[in-house]
S.K.: 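Next up is a structure, given as C-alpha cells.
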Amino acid sequence: MVNPTYLNAFSPVQTIKQPVGSEPASASQFTKQFSSFLSEAMNGLNSDQRTVDGLNQQFAKGELSDVHQLMIASEKASLGLEFTVQVRNKVVEAYQEVMRMQL
C-alpha cells in the first residue's frame, strides 16, 4: 500500500500555528518546522518508491496476482515524484527571483 504521509505533507491547507499569547516564532523555529516538513515528505516519497520496487520484484517472480495493485502504486509514486520535481523547480525559480532583486 502506498504511504499517504507525503500527500498530507504537501497539503496546501497546512499552516504554522502559534499558541495564543506566545511570542512570535523565530526564524530558526520556522526553519526547523520547514525542514521537518520537507523531511517527512521526502521520506513518504521514498517509502512509496520502495513499495513499488518490492511489488515489481514480486511481479517478476510471479508472486503478485493483482497487477492492478502494482500499476496503481507505480502511478502514485510517479505522480509524487513529478510533484516533488515541480515544487523543487518553483523553489529554485523563487530563489533566483529573490537573488535578482536590487537593494
Side-chain angles (χ1 to χ4, degrees):
M1 189 66 179
V2 177
N3 186 350
T5 304
Y6 77 94
L7 293 177
N8 292 337
F10 287 124
S11 173
V13 182
Q14 281 188 349
T15 58
I16 299 173
K17 297 181 180 179
Q18 295 178 345
V20 176
S22 68
E23 294 182 17
S26 68
S28 65
Q29 289 172 331
F30 283 121
T31 302
K32 288 177 185 176
Q33 290 176 351
F34 186 69
S35 174
S36 68
F37 162 78
L38 287 179
S39 178
E40 289 174 17
M42 294 306 292
N43 287 339
L45 183 60
N46 188 34
S47 174
D48 287 347
Q49 292 290 340
R50 284 188 302 222
T51 300
V52 171
D53 287 342
L55 290 173
N56 276 331
Q57 288 178 1
Q58 288 178 354
F59 180 72
K61 293 177 185 177
E63 299 171 354
L64 186 65
S65 61
D66 187 13
V67 179
H68 295 97
Q69 181 183 5
L70 170 62
M71 294 305 297
I72 290 170
S74 178
E75 283 301 312
K76 283 184 180 180
S78 176
L79 286 173
L81 182 61
E82 288 177 28
F83 179 71
T84 303
V85 169
Q86 290 300 319
V87 168
R88 181 199 64 90
N89 290 344
K90 289 294 183 183
V91 168
V92 169
E93 183 180 320
Y95 173 78
Q96 290 172 344
E97 186 66 29
V98 168
M99 296 308 291
R100 280 193 291 261
M101 287 183 186
Q102 295 181 0
L103 299 176

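This one's a predicted model, so the numbers in the text were calculated from it and none came from an experiment.
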S.K.: State, to 0.1 Å, how close Ala77 and Leu45 come at their nearest heavy-atom pair, and which atoms those are.
M.R.: O-CD1, 4.0 Å
S.K.: If hydrophobic clusters are built by linking Ile, Leu, Val, Met, Phe, Trp and Tyr wherever their side-chain heavy atoms come under 4.5 Å apart, do Val91 and Tyr95 end up in the same one?
M.R.: no
S.K.: With rounding to the nearest 0.5 angstrom, report the NZ to CZ distance, Lys90 to Arg88.
M.R.: 12.5 Å
S.K.: Please report the closest heavy-atom contact between Leu64 and Gln69, naming both atoms and the distance.
M.R.: CD1-OE1, 3.8 Å
S.K.: Okay, side chain of Ser78, backbone of Ser74: is any donor-acceptor separation there less than 3.5 Å?
M.R.: no
S.K.: Go through the steps for Leu81 and Gln49 under the test side chain to side chain contact (heavy atoms under 4.5 Å, CB included), then give the verdict.
M.R.: CA-CA 9 Å; Leu81 182 61; Gln49 292 290 340; 4.2 Å; yes
S.K.: Are Val52 and Asp48 side-chain neighbours, meaning at least one heavy-atom pair lies under 4.5 Å?
M.R.: no
S.K.: Hey, what do you get for CD (Glu82) to CD (Glu75), rounding to the nearest 0.5 Å?
M.R.: 8.0 Å
S.K.: Measuring from Thr84:OG1 to Asn89:CG, what's the distance to the nearest 0.5 Å?
M.R.: 11.0 Å
S.K.: Ignoring hydrogens, what is the shortest heavy-atom contact between Val67 and Phe59? Give both atom names and the distance.
M.R.: CG2-CE1, 3.6 Å
S.K.: Donor-acceptor pair, distance only, cut-off 3.5 Å: does the side chain of Gln96 make one with the backbone of Glu93?
M.R.: no
S.K.: Given side chain to side chain contact (heavy atoms under 4.5 Å, CB included), test Lys32 with Ser35 step by step and report yes or no.
M.R.: CA-CA 5 Å; Lys32 288 177 185 176; Ser35 174; 5.6 Å; no
S.K.: Nearest 0.5 Å, what's the OG-CZ distance between Ser47 and Arg50?
M.R.: 5.0 Å
S.K.: Scan for salt bridge (Lys or Arg N to Asp or Glu O under 4.0 Å) pairs involving residues 56-71, sequence neighbours excluded, and state none if there are none.
M.R.: none
S.K.: Between Asn43 and Ser39 (side chain of the first, backbone of the second, donor and acceptor by atom type, cut-off under 3.5 Å), is there such a pair?
M.R.: yes
S.K.: Say you draw a straight line from CE of Met71 to NE2 of His68; how long is it, rounded to the nearest 0.5 Å?
M.R.: 9.0 Å
